[in-house]
Visitor: 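Take a look at this one; I'll ask things after.
When a ligand or atom number is given, it counts from 1 through the structure's own listing order. Just the heavy atoms: all of them, side chains too, but no hydrogens, waters or symmetry mates, feed the values below.
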Amino acid sequence: MEQTQVNKNINFVNNKQLFIKQIKASYFRNYKNLELNLSADNIVLVGHNGVGKTNILEAVSYLTSGRGIRKAKSKDLIFKKFDDRFYEDLFWGVHASVFAMNKTFEIGTGIQKNNNSRLVKINGDLVKQADLSKLVKISWITPQMLLVFHNGMQEKRRFIDRLINISNPNHVGLLYRYEFLIKERVKIINNFNSNKNWIDTIENDIVNLSIKIIESRKRFVSEMQNIFFRSDLKEDFFPDICLKIAGKAEELLDSLGKEKYHSKIIEILRKNRNNGISSFIGPHKSELLIFKRHSKQEIRYCSTGEQKIMLISLIFKHCYLMESIYKQTPILLLDDIIEHLDEIHRRALFEKTSVYKSQCWFTCTNSRAFNDYPASYKSIDVNKLQKDYPKKRELNYA
Ligand SMILES: Nc1ncnc2c1ncn2[C@@H]1O[C@H](COP(=O)(O)OP(=O)(O)O)[C@@H](O)[C@H]1O
Ligand SMILES: [Mg+2]
C-alpha cells in the first residue's frame, strides 16, 4: 500500500510551455458547435461511452499536421445527423488559441465546401500543414495503438517509422519513394515493352534509399536509447524499453559498410531481375523488436496491462526525445488509458503528467480516478456539453 501513496513533494508544472487556451469545433463529428475555454492545466474529459470524448481529442489532434488521432477520412469528420445522410454542402472546422513559444497563436483548420484538402491558417494567414507542425506538436496514446503489437511486422514498422518521422521529418517520405520504386521495378521486369535502361537507375536509387532508411532507423534507436539512459528521466514504475531493428540488410550494411553494401545489393538485384525474381533484401523486410531492457521480455509476449505500461513508457520517452530536438514537449492526448491501469501505475502516470511541461488531455468515463489526486486537473463533463443538433432546414445554408 505504501508505494501507492501520492508523492506530495512533487513539483507540479503550472507554467506549461505548450497548451490550448481555447478550442472551438464546428460541424465536427457529433459537435455542431463546441467551445472549450481552458487554462494551462491538464484536462480530463469525463463522460459516458459514445458521448464524444475521443471526438474532442480528435479535434485537438488536427492542431498539428497529419490525419489526426483516428487517421480518418476528412468527409467522415463532417457533422452528420438524422438519417445518416452525408450532407455534401457541409464542411468542418477547428479553431484554437494555442500558447506556444511564449506567445499565443490563433490556429484555424478544416475543409471548405467541395474541397477535400485540409486548409490551415496561423494568425489568419494561410500556411502549409508543415508550418503548423513546426509550431505545435501533438502525441497520443490510444487503445488502438496496442493492437500494433499483435499485428504483423509491416504494421510494427509503420508504427515506429511514424515515430521516427516526428523527429526526422524526411523519414516517411524516403519510405514512400522506396516502396514506389520497388513497385516500378516489378512493373518494368514484368513488362516486355518497357524501357529496360530505366531499371539500372531505379535499382541504384532503391539501394541508396535503403541505406538512408536503415541509417535513419538506426539513429532513432540510439537516440531513444540515450533518452532511456538519462538519469533525470529515470523512474520506478514504467520499465525501460529497448528497440531493436534487425534484418539481413542491417547485418550486411553493418559488416560491409556503405560502398560494399551498395555493390552487393546491386549485384543481387541484377541477378534476381534476370531470373524474373522481384524480391530482395532491404529495410522493407526488417524485423522490429520492442522489449523490456532488464528482463529482455518482448512486448508481444507481455500481458495487455504490461503492454499498455510499456507503450506509455515508450511514448513518454519519445516526447522527451522531441523535446531534446525541438525544445518543447508535445501536447499529449491519452485516450481511455486511465481506467485500465492498476492503482500504482495510475498514480505514477498522474505524477508524470503533473511534471510534464505541456498540456495533457485524458478521457475517462468516471472522474473518481482523479479525485484524491492533488494536482490540478481541469475536469470537463462531456455529457453536459451542448451538442446542439441542427434543424433540417438549417443544413441548407449557402
Ligand atoms: N461525423 C459524425 N457526425 C455525427 N456524429 C458522429 C460522427 N462521427 C462519429 N459520431 C458519433 O460520435 C460518437 C462517438 O464519439 P466518441 O468521441 O468516440 O465517444 P467517446 O465519448 O466514447 O470517446 C458516436 O455516437 C458516433 O455516432
Ligand atoms: Mg472514446
Side-chain angles (χ1 to χ4, degrees), residues 20 23-36 38 42-63 67-96 109-118 138-148 304 308 311-312 315 331-341 346 349 353 360-370 377-397:
I20 298 166
I23 183 160
K24 292 181 185 172
S26 353
Y27 290 95
F28 185 91
R29 294 285 190 191
N30 62 329
Y31 297 99
K32 184 188 172 199
N33 275 309
L34 169 79
E35 178 175 335
L36 301 177
L38 312 161
N42 290 334
I43 317 283
V44 189
L45 301 170
V46 188
H48 306 315
N49 290 330
V51 82
K53 303 179 296 295
T54 306
N55 292 347
I56 297 178
L57 295 191
E58 192 176 28
V60 172
S61 70
Y62 283 102
L63 298 174
R67 283 173 54 208
I69 196 169
R70 283 193 174 107
K71 308 259 167 284
K73 291 193 183 113
S74 210
K75 74 173 173 54
D76 294 338
L77 301 173
I78 301 169
F79 179 96
K80 263 182 280 179
K81 272 295 150 199
F82 308 111
D83 46 12
D84 212 26
R85 266 174 52 206
F86 172 51
Y87 295 95
E88 295 278 349
D89 60 336
L90 288 183
F91 51 92
W92 63 266
V94 175
H95 180 272
T109 186
I111 56 167
Q112 289 180 319
K113 285 181 196 178
N114 309 320
N115 183 354
N116 249 339
S117 59
R118 177 154 80 97
I138 303 181
S139 274
W140 46 78
I141 305 176
T142 66
Q144 288 73 29
M145 283 159 85
L146 287 165
L147 300 177
V148 168
T304 323
K308 191 172 270 188
L311 181 66
I312 293 171
I315 297 298
I331 287 174
L332 192 50
L333 312 177
L334 299 123
D335 193 20
D336 280 342
I337 296 300
I338 282 298
E339 265 147 331
H340 305 106
L341 281 185
R346 210 165 60 210
L349 181 60
T353 50
C360 298
W361 291 62
F362 292 87
T363 62
C364 65
T365 52
N366 193 321
S367 65
R368 252 178 313 180
F370 292 80
Y377 287 88
K378 183 183 166 67
S379 169
I380 297 172
D381 186 347
V382 182
N383 300 322
K384 290 191 183 140
L385 291 178
Q386 218 190 354
K387 305 290 161 23
D388 200 3
Y389 300 137
K391 298 186 181 77
K392 240 176 189 168
R393 59 186 156 79
E394 273 186 82
L395 291 164
N396 298 320
Y397 70 98

Visitor: Does Leu77 reach the side chain of Arg70, with side-chain heavy atoms less than 4.5 Å apart?
Guide: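 No - every pair of side-chain heavy atoms lies 4.5 Å or more apart.
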Visitor: Which of these, Arg29, Lys75, Arg70, Glu58, has its nearest heavy atom closest to atom 18 (O) of ligand 1?
Guide: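 When every heavy atom of Arg29, Lys75, Arg70, Glu58 is considered, Arg70 comes closest to atom 18 (O) of ligand 1.
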Visitor: Tell me the contacting part of Asn49 for ligand 1: side chain, backbone, both, or neither, using a 4.0 Å heavy-atom threshold, strictly below.
Guide: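 The answer is the backbone.
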Visitor: Indicate yes or no: at least one non-hydrogen side-chain atom of Val148 is less than 4.5 angstrom from one of Leu311.
Guide: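 Val148 vs Leu311: side chains apart.
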Visitor: Taking C-beta and beyond as the side chain, do Lys71 and Gln144 meet within less than 4.5 Å on heavy atoms?
Guide: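 No. Closest side-chain heavy atoms not under 4.5 Å.
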Visitor: Does the pair Asp335 and Trp140 meet the rule for a side chain to side chain contact (heavy atoms under 4.5 Å, CB included), with working shown?
Guide: CA-CA 8 Å; Asp335 193 20; Trp140 46 78; over 6 Å; no
Visitor: Which atoms of ligand 1 are found less than 4.0 Å from any heavy atom of Gly52?
Guide: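 Close to Gly52: 15 (O), 16 (P), 17 (O), 19 (O), 20 (P), 21 (O).
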Visitor: Identify, for atom 24 (C) of ligand 1, the protein heavy atom at the shortest distance, and state residue, atom and that distance.
Guide: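 So the nearest neighbour among protein heavy atoms is Gly50 O, 4.0 Å.
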Visitor: Could you go through Val60 and Ile69, starting from their C-alpha distance and side-chain angles, then the distance that decides it, and tell me whether this counts as side chain to side chain contact (heavy atoms under 4.5 Å, CB included)?
Guide: CA-CA 9 Å; Val60 172; Ile69 196 169; over 6 Å; no
Visitor: How many angstroms lie between CG in Leu332 and CD1 in Ile141, if you round to the nearest 0.5 Å?
Guide: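 These two atoms lie 5.5 Å from each other.
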Visitor: Does a side-chain heavy-atom distance below 4.5 Å link Thr363 with Val382?
Guide: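 Thr363 does not reach Val382 side chain to side chain.
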Visitor: Which heavy atom of the protein is the closest neighbour of atom 23 (O) of ligand 1, given with residue, atom name and distance?
Guide: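 It is Thr54 OG1, 2.7 Å.
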Visitor: Enumerate the atoms of ligand 1 whose separation from the nearest heavy atom of Phe79 is less than 4.0 angstrom.
Guide: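 It comes down to these atoms of ligand 1: 3 (N).
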Visitor: Just checking: Asn49, one of its N/O/S atoms, less than 2.8 Å away from the Mg ion (ligand 2), yes or no?
Guide: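 Within the cut-off used here (under 2.8 Å), Asn49 places no N, O or S atom near the Mg ion (ligand 2).
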Visitor: I'd like to know if Gly47 contacts ligand 1, where contact means a heavy-atom distance under 4.0 Å to any ligand atom.
Guide: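 Not so, Gly47 does not reach ligand 1.
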Visitor: Just to be sure I read this right, does ligand 1 sit under 4.0 Å from the backbone of Asp76, its side chain, both, or neither, counting only heavy atoms?
Guide: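 Under 4.0 Å from ligand 1, Asp76 contributes backbone atoms alone.
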Visitor: Mark up the atoms of ligand 1 that fall under 4.0 Å of a heavy atom belonging to His48, in ascending order.
Guide: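 Atoms satisfying the 4.0 Å criterion: 21 (O).
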Visitor: Scan the protein's non-hydrogen atoms and note whether one is under 4.0 Å from atom 27 (O) of ligand 1.
Guide: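 No, because not a single protein heavy atom sits under 4.0 Å from atom 27 (O) of ligand 1.
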Visitor: Apply side chain to side chain donor-acceptor pair (under 3.5 Å) to Arg118 and Thr109, showing your working.
Guide: CA-CA 7 Å; Arg118 177 154 80 97; Thr109 186; 2.9 Å; yes
Visitor: Working note: Met145 + Ile315, criterion side chain to side chain contact (heavy atoms under 4.5 Å, CB included); need CA distance, chi angles, decisive distance, verdict.
Guide: CA-CA 11 Å; Met145 283 159 85; Ile315 297 298; 3.8 Å; yes
Visitor: For Ile78, take its heavy atoms, then give the atoms of ligand 1 lying under 4.0 Å from any of them.
Guide: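 By the 4.0 Å cutoff, the relevant atoms are 1 (N), 2 (C), 3 (N).
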Visitor: Counting each atom of ligand 1 from 1 as listed, which ones have a heavy atom of Asn55 under 4.0 Å away?
Guide: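 By the 4.0 Å cutoff, the relevant atoms are 12 (O), 13 (C), 14 (C), 15 (O), 16 (P), 17 (O), 18 (O).
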